[in-house]
Amino acid sequence: MATAVKKPNLIHQVSDKPRPAMKHLGHKTKKTVPWVDVDDDDKSRKTPLKRNNDMVNVHDQHHSARKSKKARHSYLSMSDLPSENGDASSSNHSRRRSSGTAGPSASSTPRLIALQEQRRQLPIAQGKDALIEEIRNNDVTVLLGETGSGKTTQVPQYILESGLAENGQIAVTQPRKVAATSLATRVSTEQQTPLGSTVGYSVRFDERSSSSTRIKYMTDGMIVRELLSDPLLNKYSVVIVDEAHERTLRTDLLIANLKTIQKQRNRPRDEKGKGNADKMSPLKIVVMSATLDAEKFSKFYHNAKILYVKGRQHPVKIYHSASSQPDYVDAAMRTFFQIHTDQPPGDVLIFLPGQEDIESLENSIKLFANQLPCDTMDVLICPMYAAQAPGQNAKVFTQTPTNTRKCILATNIAETSITIPGVKYVIDTGKSKEKRYLARDSGGGFDTLLTKDITKSSAMQRAGRAGREGSGVCFRLYTEDAFNSMELSAEPEILRVSLTASILQLKCLGQDLEELDLMDKPDFDSIISALKTLWLLGALDNNKKLTPLGRQMASFPLEPPHARSIIASQAFACTAEVLNIIAVLSSSSKLFVDVSTFRDEIATARQKFRHPAGDHLTILNAFRAYEEVADSESKSARREWCRKHFLNERALLEAKEIREQLRQVCARAGIDWKATCGENEDPVIRSLGHGLTMNSAFLQPDGSYRQTMGQSIVKIHPGSVLCDKKVPAIIYDELIYTNQIYARGVSSILKSFFVTHAALNQRNA
DNA sequence: GAGCACTGC
């Protein structure tokens, strides 16, 4: 705990130390502020973010790139681009009805006129013609656009108006569902067409598009899934990969596939001839990134041209700590009170790695806030993290009461996923938790979840959160040197997650991950580990070739072990039960919410669902109980029931949607999803066992559990109903290393299962 | 006695 400090006046203590690193103090030359101002001069007060070292580097990189003969990169700032006469519909290339995009005559309401005016004011609007020209002349274009440039909403519309996509749709991929749906809504408003006509979206469980759809916002997972039915993506004539810098696993797979698809689709075209007698229409690729690694995308696509568009952000003043702050929770608290007592009103957003630190800081701040003089503003603390009880997170969005300063304690959830209004100050601890898969050639790999230093991109993103509505201030609890030595951007996901599902999916496309032309190639160990898992599940044969079982597994939108469990349930006639469990496990939110203050109440409420066989059947009990209530009660009664039992209804509602989708897949595969085993639940565990064979452990004489595939000692996670129980053998959903290796989602299983299962596998092999 | 960043099909 960080509450070693007893008196509020000690808040300033840290700043009384010598400050050798200090170069310049801001306008407030208070001795007590230990901050280093990164703006040595005031020339760029308008865009202090640009003053960051890596932004400067971009210029340097581009300058040197321009000199190099090989690289074709150019630095097109908005001032370099020819400006356009303002009316988008006057574009020479516009062959479509102008949809009233910017023409004043077409707009009817003042709101729409304002909207079109807003569009014209976006930084990217001035570079429109040059941008379209580049896209027209190049197969691949890399667009580096800062936040607020308008690239995501405008570029697809420019392409549509230019007629570049006449033979197909324009796909715009996003890593997150909310982004895809909200962008589609926004852009369809701008186009003055109903959502789902000209502009639509496609995300899991939700599709709004039609045969007339020209611009389709979709998740990257969705388009990778589409590869299975349309390997050349013939539907699309332009694919825009947005947020490419995030380097999600699916974005990387898409980028690799687009390269080979483009080679095939653009090949028959005669270099000179415009006559497109070929059946295949060419594909244009636009890669959009918000950070500085655009070079990498360019190199990957044969030195594709990089275009740069300025962003629009309010100025954010950045201070670095003069010395490093090992106890970042304590440092965050001191900084918060410095802001609270010295700075004008405005909410504070503090970035912390996890729930534990958030709770600890919440307690410290509460303790001190009570001791402040009466004339200071009140403090309203809003913790915010994904695992938090739903409804608690909503507190963040409520209007801050008068004479109150909101203090938001958030994880990375507030970095990209959620934008919180009213934030003027950001405190950045420089830390986040990162999940990383540790492959073991024994096959018993596991995830680690450890606190790590963030990257420069991340630090800039966090600082930017202070400048959403007006100028802001960001206090970094690390030195400028520490910032300079940070990695530029996060390691791509493909290098740190389990590849099991992706390798299976690629096998269905006839591709091998190890032969794919990827921007970053994963470790050999990681591939071997995934191949081994797939072989164990029966998805691959001894020659690494896809089996019919593997193909069937890939048809489920699930992790291979879960898909395997469902397929196994057919033989045990308990598909109904297994689907219920897998659906809840696949839900993005947790069913059992933990609020530490109600621990005892939660334990009592959960007792009702507790199943001696473990977590899987406990989940089944809870889901069944909910469905009984759901059938007979009103919506509000259901909600109340969930609240009373500390169940997250959102998880249950999502599980029902997933279950419906899984039932459809089952029906297509000829699996009877209605098959039920009734009261005898032993077959359920057996089905799960077929999917989780590699996730099993045996009890040792000393009372610990040891992996069956690997040598690690694992502990049952405290959140499990089997915690502290000693059963001969367990299966688990996942293994996660924090302080120890914990097994989560645990069920008891007969040891003999593994003997018969192994025999069965051998016979099949 | 002890605990868990975030996505996606």
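Atoms considered below: every heavy atom in the structure, side chains included; atoms not considered: hydrogens, waters and symmetry mates. Throughout, a chain's letter reflects where its sequence line sits, starting with A, and its residues are numbered from 1.
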How close or far is atom [atom2] of [N] from atom [atom1] of [X], stated in whole angstroms?
| X | N | atom1 | atom2 | value |
| --- | --- | --- | --- | --- |
| Met218(A) | dG8(B) | CE | P | 14 Å |
| Asp615(A) | dG3(B) | CG | C1' | 14 Å |
| Ile736(A) | dA5(B) | CD1 | P | 9 Å |
| Asp220(A) | dT7(B) | CG | C1' | 9 Å |
| Glu654(A) | dT7(B) | CD | C1' | 12 Å |
| Ile658(A) | dG8(B) | CD1 | P | 11 Å |
| Arg436(A) | dC4(B) | CZ | P | 17 Å |
| Gln355(A) | dG3(B) | CD | P | 12 Å |

Excluding sequence neighbours, so at least two apart, what forms side-chain hydrogen bond (donor to acceptor under 3.5 Å, both in side chains) with Glu434(A)?
Arg436(A)
Would you mind telling me which of [options] lies closest to the side-chain atoms of [X]?
| X | options | result |
| --- | --- | --- |
| Pro718(A) | dC4(B), dG1(B), dC9(B) | dG1(B) |
| Cys723(A) | dT7(B), dA5(B), dG1(B) | dG1(B) |
| Lys435(A) | dG8(B), dG3(B), dA5(B) | dA5(B) |
| Pro557(A) | dC9(B), dC4(B), dC6(B) | dC9(B) |
| Asp724(A) | dG1(B), dT7(B), dA5(B) | dG1(B) |

Nearest-0.5 Å distance that lies between atom CG in Asp206(A) and atom OG1 in Thr181(A):
7.5 Å
Spacing of Ile223(A) atom CD1 and Leu258(A) atom CG [to the nearest 0.5 Å]
6.5 Å
Count the heavy atoms belonging to other residues, nucleotides or ligands that lie under 6.0 Å from CD of Gln740(A), then report whether that count exceeds 12.
yes
Taking salt bridge (Lys or Arg N to Asp or Glu O under 4.0 Å) as the definition, give me every residue that meets it alongside [X], ordered by chain and number, with sequence neighbours left out.
| X | answer |
| --- | --- |
| Lys507(A) | Asp512(A) |
| Arg659(A) | Glu627(A) |
| Lys151(A) | none |
| Lys431(A) | Asp453(A) |

Taking any heavy-atom pair under 4.0 Å as a contact, classify [X]: base, sugar-phosphate, or nothing.
| X | value |
| --- | --- |
| Leu249(A) | nothing |
| Ile413(A) | sugar-phosphate |
| Ser432(A) | nothing |
| Lys590(A) | base |
| Arg250(A) | base |
| Glu734(A) | nothing |
| Thr248(A) | nothing |
| Val224(A) | nothing |

Given that Glu434(A) and Ala501(A) both sit by DNA chain B, which one's nearest nucleotide is further toward the 5' end?
Glu434(A)
Any chance the rings of His645(A) and Phe609(A) have centres within less than 6.0 Å?
yes
Determine: side-chain N/O of Thr219(A) to OP1/OP2 of dC9(B), distance under 4.0 Å, yes or no.
yes
Is Lys715(A) close enough to dG1(B) that one of its side-chain N or O atoms is under 4.0 Å from OP1 or OP2 there?
no
Within residues 738-746 of chain A, which residues have any heavy atom lying less than 4.0 Å from an atom of DNA chain B?
Thr738(A), Asn739(A), Tyr742(A), Arg744(A)
